[in-house]
There are 2 protein chains.
Amino acid sequence: MEKIRMIDVANKAGVSKSTVSQYLNKRYEFMSKDTRQRISDVIQELGFKPNSVARSLKLKKTNTVGIIVPNINYSFSTAVSRGVEDYCQKHGYSVIICNSDDNPEKEHAYIQMLQMKQVDGIIISSTGQNNELLKEEIIRELPLVLLDRIFEDMEIDLVCSDHRAGAFEAISHLIKMGHKRILVVIPDEHLNSSRVSRIKGYDDALEKNGIDKDEKLIVYVSEDNIDSKIDDLFRIDDPPTAIFCINDLATLEVLTCLKRKKIKIPEDVAVIGVDDFPAANLLESPLTVVGQHTYEMGMKAAELLIRRIEEKKIDKYVQHVFPCELIVRESCGFKNE
Amino acid sequence: MEKIRMIDVANKAGVSKSTVSQYLNKRYEFMSKDTRQRISDVIQELGFKPNSVARSLKLKKTNTVGIIVPNINYSFSTAVSRGVEDYCQKHGYSVIICNSDDNPEKEHAYIQMLQMKQVDGIIISSTGQNNELLKEEIIRELPLVLLDRIFEDMEIDLVCSDHRAGAFEAISHLIKMGHKRILVVIPDEHLNSSRVSRIKGYDDALEKNGIDKDEKLIVYVSEDNIDSKIDDLFRIDDPPTAIFCINDLATLEVLTCLKRKKIKIPEDVAVIGVDDFPAANLLESPLTVVGQHTYEMGMKAAELLIRRIEEKKIDKYVQHVFPCELIVRESCGFKNE
DNA sequence: TAGTTTTGATAAATCGGTTTAGTAAATGAC
DNA sequence: GTCATTTACTAAACCGATTTATCAAAACTA
């Protein structure tokens with residue numbers, strides 16, 4: 001069964017393919033009712049579906065965008081992607097999904113691939129290692145929206161959460177609950193702009209409350225070494241009484257580790273995580289988290305991207321910062337007022 | 001900054017674009033070392049990236065596949081998508097992601113869109129409402145792999161879990177723990193083939209153990225009515241002592257509802273869910289679940305699809321059924337042996 | 001030396017649409 | 001009745017690659 005092309009429709013309807021093309025693009029002005037009906041019938045009859053690849057080639061427009069996230073498995077990335085896909089679908093775009101695994105080479109390969117595929121734009125939570133490429137090259141050729149990342153000194157559309165304020169509020173809450181020794185847990189060695197902001201919020205909250213910062217309380221962990229690191233920390237003279245997990249991966253690792261060690265939350269240690277996940281309130285100790293408006297952020301990122309794609313020149317770049325919401329549950333203690 | 005085309009490379013290198021094309025496709029046989037080097041240099045210098053849209057048009061191959069899932073937010077869909085994307089990326093394909101929300105019209109629109117975009121194949125967890133279309137039309141034109149769905153009487157590649165056996169094992173486990181009144185909770189009214197299989201496993205387990213089936217214990221719930229339905233059930237003469245949640249959505253709703261009603265797990269009622277999610281073992285009562293090999297299923301689905309895309313004729317269709325694994329935790333009681 | 005084969009490269013057709021410039025027929029103006 | 005305008009439609013160029021058929025020059029054969 002050969003594919004039906006426009007020329008087949010044209011022949012059967014007894015018109016030229018130009019006319020069929022006009023019909024498809026709804027340029028009915030100079031078309032007789034009769035011709036219009038005939039073309040419509042033939043399209044129905046043959047089940048003709050125009051080839052977007054050919055169309056894209058001519059129009060230099062693919063109606064496709066790429067989204068590069070570290071890992072679709074992270075609750076943040078999943079929810080954001082869903083927001084992006086929803087907005088895109090409603091506006092006639094499809095979404096190619098790319099998982100960079102925070103690997104700069106993989107990210108670079110994806111960027112190249114998306115360019116070759118002639119996507120109309122890219123939404124990216126970048127690793128930070130390809131910033132030069134993005135700044136020097138991509139942004140000049142292709143609409144780009146940064147997601148959950150900030151580039152210093154750069155004019156670019158961007159969507160992120162106010163991580164500093166979110167962390168500030170979380171840490172302030174802990175301090176208000178009487179905590180002074182607050183541990184920050186960061187996965188592996190990778191520091192992106194969001195994590196830097198959260199640490200800034202942590203610092204600011206300590207400072208505002210006149211608490212000295214102890215560098216020992218900022219720890220980078222992996223699945224392999226978390227147990228020993230936590231052990232070490234709880235063995236020092238002045239152990240932490242609260243833990244701030246800087247992302248959902250850290251949260252899961254910390255909770256798993258504490259459970260293994262039978263350290264009770266919040267009796268032995270208070271915990272605050274980042275990103276509300278579906279089961280956060282069903283945990284042994286329902287988890288207090290700094291929530292983000294993930295789905296809305298995805299929608300907004302797609303909105304900014306498509307706006308820049310469709311409106312030829314917008315000079316002002318939009319930096320859309322969403323507030324974080326502290327969702328207080330029992331994991332950081334019961335407030336006694 | 002205009003885009004560099006093959007013709008620009010050809011001009012600068014002093015050859016024809018045919019030769020550049022040969023170079024790109026690694027057909028070096030009749031090409032002098034010198035020409036080859038010169039082309040390579042010019043490509044580097046100009047930063048030429050071939051336009052895949054043009055290439056796709058000529059070759060009738062886009063190196064792009066579509067995946068249609070109900071909702072990327074479900075842990076099953078997320079993990080499967082990640083598996084699909086990984087395999088595709090390694091084999092030079094990109095993935096367009098589509099969320100059908102179990103809405104047949106939306107699904108239909110996505111199928112059409114993917115066809116127009118000339119994707120090389122589709123992986124789909126179908127709603128079941130477009131089966132005729134898929135059977136009659138799509139499968140003839142396009143490689144297709146069913147994911148977590150079974151079509152009766154149909155030759156097609158397919159990847160799924162052995163839901164019947166998984167449910168059978170789960171229910172048998174509950175029975176062994178002394179439960180006879182086991183409630184099955186199903187979200188909304190939608191019954192796809194996977195859910196049918198799980199119910200079959202439930203039925204079989206009851207029958208094998210000589211327990212009469214009570215239709216009242218099969219309930220369809222939504223977020224709105226779950227509270228009243230659960231209330232009703234626990235008010236009957238012979239209330240259920242265990243709950244089998246047929247998917248992760250049902251699981252979350254049931255757990256939330258039980259928590260609200262302060263019904264204790266497993267003391268008041270035992271619970272088994274489907275799909276292991278990251279926090280399942282961190283819950284107030286760590287959840288026993290029927291686990292699926294989600295990531296591997298995604299990889300396998302992509303493998304089958306790409307095989308069918310790249311090998312012209314494979315007559316035998318592969319139906320790859322993954323086993324389920326019962327992961328026993330405390331939510332269905334402590335075994336006293 | 002003339003004819004054949006090999007080597008290295010190219011012109012032109014093609015993929016399936018969109019669009020511009022153009023044309024023939026019908027209508028309107030005077 | 002003639003010329004200008006409008007209406008309905010089409011031919012052909014184009015988008016940027018791939019590929020086939022072809023060709024010129026060099027190398028080989030007899």
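So you know, we letter chains A, B, ... as the sequences are listed, proteins then strands, and number each from 1.
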Enquirer: Whole Å only: how far is the NZ atom of K60(A) from the C1' atom of dC14(D)?
Expert: 10 Å
Enquirer: To the nearest Å, give me how far apart CE (M6(B)) and P (dT19(D)) are.
Expert: 10 Å
Enquirer: Expressed as a whole number of angstroms, how long is the span from L59(A):CG to dG16(C):C1'?
Expert: 12 Å
Enquirer: Please state how far atom CD1 in I7(A) lies from atom C1' in dA12(D), giving the value in whole angstrom units.
Expert: 12 Å
Enquirer: L57(A) has an atom CG; how far is it from atom C1' of dA13(D), in whole Å?
Expert: 13 Å
Enquirer: When you measure only distances, ignoring hydrogens and angles, does the side chain of T35(A) come within 3.5 Å of the base of dA8(D) through a donor and an acceptor?
Expert: no
Enquirer: Does T19(B) make a side-chain N or O approach to OP1 or OP2 of dT10(C) shorter than 4.0 Å?
Expert: yes
Enquirer: How is M31(B) classified with respect to the nucleic acid when contacts are heavy atoms under 4.0 Å: base, sugar-phosphate, or nothing?
Expert: sugar-phosphate
Enquirer: Hey, does the side-chain of K58(A) have a donor or acceptor N/O within less than 3.5 Å of a partner on the base of dG16(C)?
Expert: no
Enquirer: By nearest nucleotide on DNA chain D, pick out whichever of K17(A) and Q22(A) is the more 5' one.
Expert: Q22(A)
Enquirer: Could you tell me whether R5(B) and D8(B) have a side-chain N and a carboxylate O separated by less than 4.0 Å?
Expert: yes
Enquirer: Does dT18(D) have its OP1 or OP2 closer than 4.0 Å to a side-chain nitrogen or oxygen of N25(B)?
Expert: yes
Enquirer: Using only side-chain N and O atoms of S18(B), determine if any of them is under 4.0 Å from OP1 or OP2 of dT10(C).
Expert: no
Enquirer: Grab the CZ-P distance between R36(A) and dT7(D) for me, whole Å please.
Expert: 16 Å
Enquirer: Between dC9(D), dG17(C), dT10(D), which nucleotide gets closest to the side-chain atoms of S32(A)?
Expert: dC9(D)
Enquirer: To the nearest Å, give me how far apart CD (Q118(A)) and P (dG16(D)) are.
Expert: 9 Å
Enquirer: Looking at every strand, decide which applies to F48(B) at a 4.0 Å heavy-atom threshold: base, sugar-phosphate, or nothing.
Expert: sugar-phosphate
Enquirer: So what does V53(B) hit on the nucleic acid, given a heavy-atom distance under 4.0 Å: a base, only sugar-phosphate, or nothing?
Expert: nothing
Enquirer: Between E45(A) and K12(A), does any NZ, NE, NH1 or NH2 come within less than 4.0 Å of an OD or OE carboxylate oxygen?
Expert: yes
Enquirer: Run the side-chain donor-acceptor check on residues 66-75 of chain A: report pairs under 3.5 Å with partners two or more places apart or on a different chain.
Expert:
unit_1 : atom_1 : unit_2  : atom_2 : d
N71(A) : OD1    : N73(A)  : N      : 2.8
N71(A) : OD1    : R82(B)  : NH1    : 3.0
S75(A) : OG     : D248(A) : OD2    : 3.0

Enquirer: Figure out the CG/P separation between N11(B) and dG16(D), and round it to whole Å.
Expert: 13 Å
Enquirer: Verify whether the ring centers belonging to Y110(A) and H108(A) lie closer than 6.0 Å.
Expert: no
Enquirer: Toward the 5' end of DNA chain C, which comes first, R27(A) or R5(A), by nearest nucleotide?
Expert: R5(A)
Enquirer: Would you confirm whether the ring centroid of Y295(A) sits within less than 6.0 angstrom of the ring centroid of H293(A)?
Expert: no
Enquirer: Base, sugar-phosphate, or nothing for S52(A), non-hydrogen atoms under 4.0 angstrom?
Expert: nothing
